[in-house]
Structures are given as structure tokens and as C-alpha cells.
Amino acid sequence: MKFFKKPSTAVILSILVVYISTMLSINVKLTDKCIDVTDGFYDGVRVSGVDYPATYDSVKELCGLGDEIIVIAKNYGINTDDLYYALDGLESAISYSGEDITYIGWCYDDFLQQLKLMENQLNGTGLSQRHTAAMEEYSAEISAAVEATEENGAAYNETVREFIREYDRFPTSMWANLTDTYFPGYFSNM
């Protein structure tokens with residue numbers, strides 16, 4: 001007990017308590033700001049006075065279209081493994097990597113590449129009249145969803161850029177490193 005009664009020990013403990021509480025406070029506040037930016041991917045963003053819908057919605061729409069195209073392709077014996085794995089990867093990324101938007105963007109790029117390849121392969125196959133009509137409708141929906149994803153994703157990326165411009169400088173960047181706080185990531189290669 002004599003150890004705790006020494007003035008030097010009290011000073012060291014006070015400094016330690018102040019340091020730890022400061023780091024916790026910084027971590028909580030900075031993490032909340034990062035989450036606010038990341039939530040824009042799921043909830044939509046406002047950039048320069050314009051509201052943009054959630055990028056997440058158009059990505060989920062593309063996932064549903066991917067499922068439909070896989071069903072059509074299986075009717076013609078076309079190997080859908082690459083598209084299936086890319087689709088599964090994207091859906092898993094959305095479900096389990098909620099704050100890692102960069103990873104979701106990478107999975108989206110891979111999925112979109114596989115979806116376009118499958119779409120082109122199906123359009124070159126002799127489809128039935130019913131499947132041809134369905135593919136025309138799906139192709140139009142894919143184009144609209146990709147366009148919405150790119151527009152909304154670019155708006156989301158702009159909010160990330162604004163955040164990084166404001167917070168990725170001294171002393172905030174130093175505090176982020178000390179508290180192991182990760183800044184929000186960009187969506188896709190937009």
C-alpha cells in the first residue's frame with residue numbers, strides 16, 4: 001500500500017488514466033464518424049444538396065438478377081460456377097463485411113464481370129422465345145441497376161473523400177493509428 005501513496009506513483013497513475021480515457025473517447029467518437037460515412041452505402045447520401053439512394057439497394061437488385069440468370073443458364077447446360085461463386089462472395093461480403101465497403105466493392109467488381117460474361121454467353125446461345133424475352137428484360141434491368149450503382153457509388157465515394165480530406169491529417173490520423181480506428185473505404189473502382 002505504501003507504493004500507491006507515493007506522489008510519483010500517483011502522478012504516473014493519473015497520467016495513465018487520462019491517456020487511456022482520452023484514447024477511448026477518441027476511438028468512440030472517431031469510430032462513430034466513420035460509421036456515419038459507411039452507413040451512407042446502406043442508407044443513401046447527400047452530396048452538394050442532392051440526395052442519392054443507397055448503393056446497397058442496386059447491388060442487391062443485381063444479386064437477384066444474377067440468381068435469375070443462373071436459372072436460365074442451367075436450363076441450357078451452361079457452366080455457372082464462376083457466376084455462382086462471385087454472387088455468393090458478394091452476398092457474403094454484404095452480409096458479413098458490413099463496414100468494409102472496399103471489400104464489398106471488390107466482390108461487386110468480380111460479380112459484375114462474371115454477370116456480363118454470362119449475359120453475353122446466354123445472348124449468343126439459341127434461347128427459347130420465353131427465355132429470350134426474359135433475357136431482354138433482365139439485360140435492361142441489369143443496365144439500369146449498374147448505372148444506379150455507379151451513380152450512387154460515386155456519390156458515396158465522394159462522402160468518403162470528404163471525410164478523408166477532413167480527418168486524414170495530423171493529429172487525427174495519428175489518433176486513428178493509436179486507437180486502431182479504420183477510416184471508411186471507397187466502393188469499387190469508380
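- Connectivity analysis of hydrophobic side chains (ILVMFWY, heavy atoms under 4.5 Å, direct or indirect) links I15 to V11.
- Legend: residues meeting side-chain hydrogen bond (donor to acceptor under 3.5 Å, both in side chains) with T159, ordered by chain and number and at least two apart, are absent.
- Taking the salt bridge (Lys or Arg N to Asp or Glu O under 4.0 Å) definition, one finds that E61 meets it with nothing, sequence neighbours left out.
- Taken from SG in C107 to CG in L112, the straight-line distance is 12.5 Å, to the nearest 0.5 Å.
- A search for ring-ring contact (aromatic ring centres under 6.0 Å, His included) contacts involving F163 returns Y167, F183, not counting sequence neighbours.
- Residues D110 and A86 approach most closely at OD2-CB, 3.6 Å, considering heavy atoms.
- Scanning both residues, L90 and C63, for their nearest heavy atoms gives CD2-SG, 3.6 Å.
- In this structure, the separation between CD on E99 and CD1 on I104 is 10.0 Å, given to the nearest 0.5 Å.
- Looking at every heavy atom in both residues, N152 comes nearest to S58 through ND2-OG, 4.5 Å.
- If you take CD1 on I142 and CD on E147, they are separated by 14.0 Å, rounding to the nearest 0.5 Å.
- Heavy atoms of other residues, nucleotides or ligands lying less than 6.0 angstrom from CD of E162 number more than 12.
- Between D109 and Q113, every side-chain heavy-atom pair lies at or beyond the 4.5 Å cut-off.
- One hydrophobic cluster, built from ILVMFWY side chains closer than 4.5 Å, cannot hold both V17 and W175; they sit in different ones.
- The minimum heavy-atom distance linking V160 with P184 is given by the pair CG1-O, 3.6 Å.
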Side-chain donor-acceptor pairs under 3.5 Å in residues 25-32, sequence neighbours left out?
from	atom 1	to	atom 2	distance (Å)
N27	OD1	T31	OG1	3.3
N27	ND2	T179	O	2.8
N27	ND2	T181	OG1	3.4
T31	OG1	N27	O	2.7

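- Separation of atoms OH (Y108) and CG (L62) is listed at 5.5 Å; rounding is to 0.5 Å.
- Residue Y56 holds its OH atom at 11.0 Å from CD1 of I101, rounded to the nearest 0.5 Å.
- Every residue meeting the side chain to side chain contact (heavy atoms under 4.5 Å, CB included) condition with D57, not counting sequence neighbours, appears here in chain and number order: A54.
- The structure places CZ of F187 at 10.0 Å from OG1 of T102, a figure rounded to the nearest 0.5 Å.
- Under the 4.5 Å side-chain heavy-atom criterion for grouping Ile, Leu, Val, Met, Phe, Trp and Tyr, I35 is not connected to Y186 through any hydrophobic cluster.
- In the displayed structure, K33 atom NZ is contacted under 6.0 Å by at most 12 heavy atoms of other residues, nucleotides or ligands.
- The minimum heavy-atom distance linking F111 with G66 is given by the pair CZ-CA, 4.2 Å.
- Under a hydrophobic-cluster definition in which Ile, Leu, Val, Met, Phe, Trp and Tyr are linked whenever side-chain heavy atoms come within less than 4.5 Å, directly or via other members, V50 and V45 are assigned to the same cluster.
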Please tabulate, for the side chains in residues 116-124, all donor-acceptor contacts under 3.5 angstrom to protein atoms that are two or more places apart in sequence or on a different chain.
from	atom 1	to	atom 2	distance (Å)
E119	OE2	S139	OG	2.6
N120	ND2	K116	O	3.3
N123	ND2	E119	O	3.2

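- With hydrophobic clusters built from ILVMFWY side chains whose heavy atoms lie under 4.5 angstrom apart, Y85 shares a cluster with L115.
- Each salt bridge (Lys or Arg N to Asp or Glu O under 4.0 Å) pair with one or both residues in residues 164-182, not counting sequence neighbours, appears once here: E158-R165.
- In the hydrophobic clustering of this structure, M174 does not group with Y182; members are Ile, Leu, Val, Met, Phe, Trp, Tyr whose side-chain heavy atoms approach within less than 4.5 Å, directly or through other members.
- Closest heavy-atom contact between G185 and Y156: O-OH, 3.1 Å.
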Show every donor-acceptor pair shorter than 3.5 Å between a side-chain atom in residues 68-84 and any protein atom, with sequence neighbours excluded, or say none if there are none.
from	atom 1	to	atom 2	distance (Å)
E68	OE1	Y138	OH	3.2
N75	ND2	V71	O	3.2
Y76	OH	S128	N	2.9
Y76	OH	S128	OG	3.4
Y76	OH	H131	ND1	2.7
N79	OD1	D81	N	2.9

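- Under a 3.5 Å cut-off, the side chain of S97 and the backbone N or O of I94 do not form any donor-acceptor pair.
- Note on residues 37-51: pairs passing side-chain hydrogen bond (donor to acceptor under 3.5 Å, both in side chains), not counting sequence neighbours, are R46-D51.
- Residues forming a side chain to side chain contact (heavy atoms under 4.5 Å, CB included) with S143 (at least two apart in sequence, or on another chain): none.
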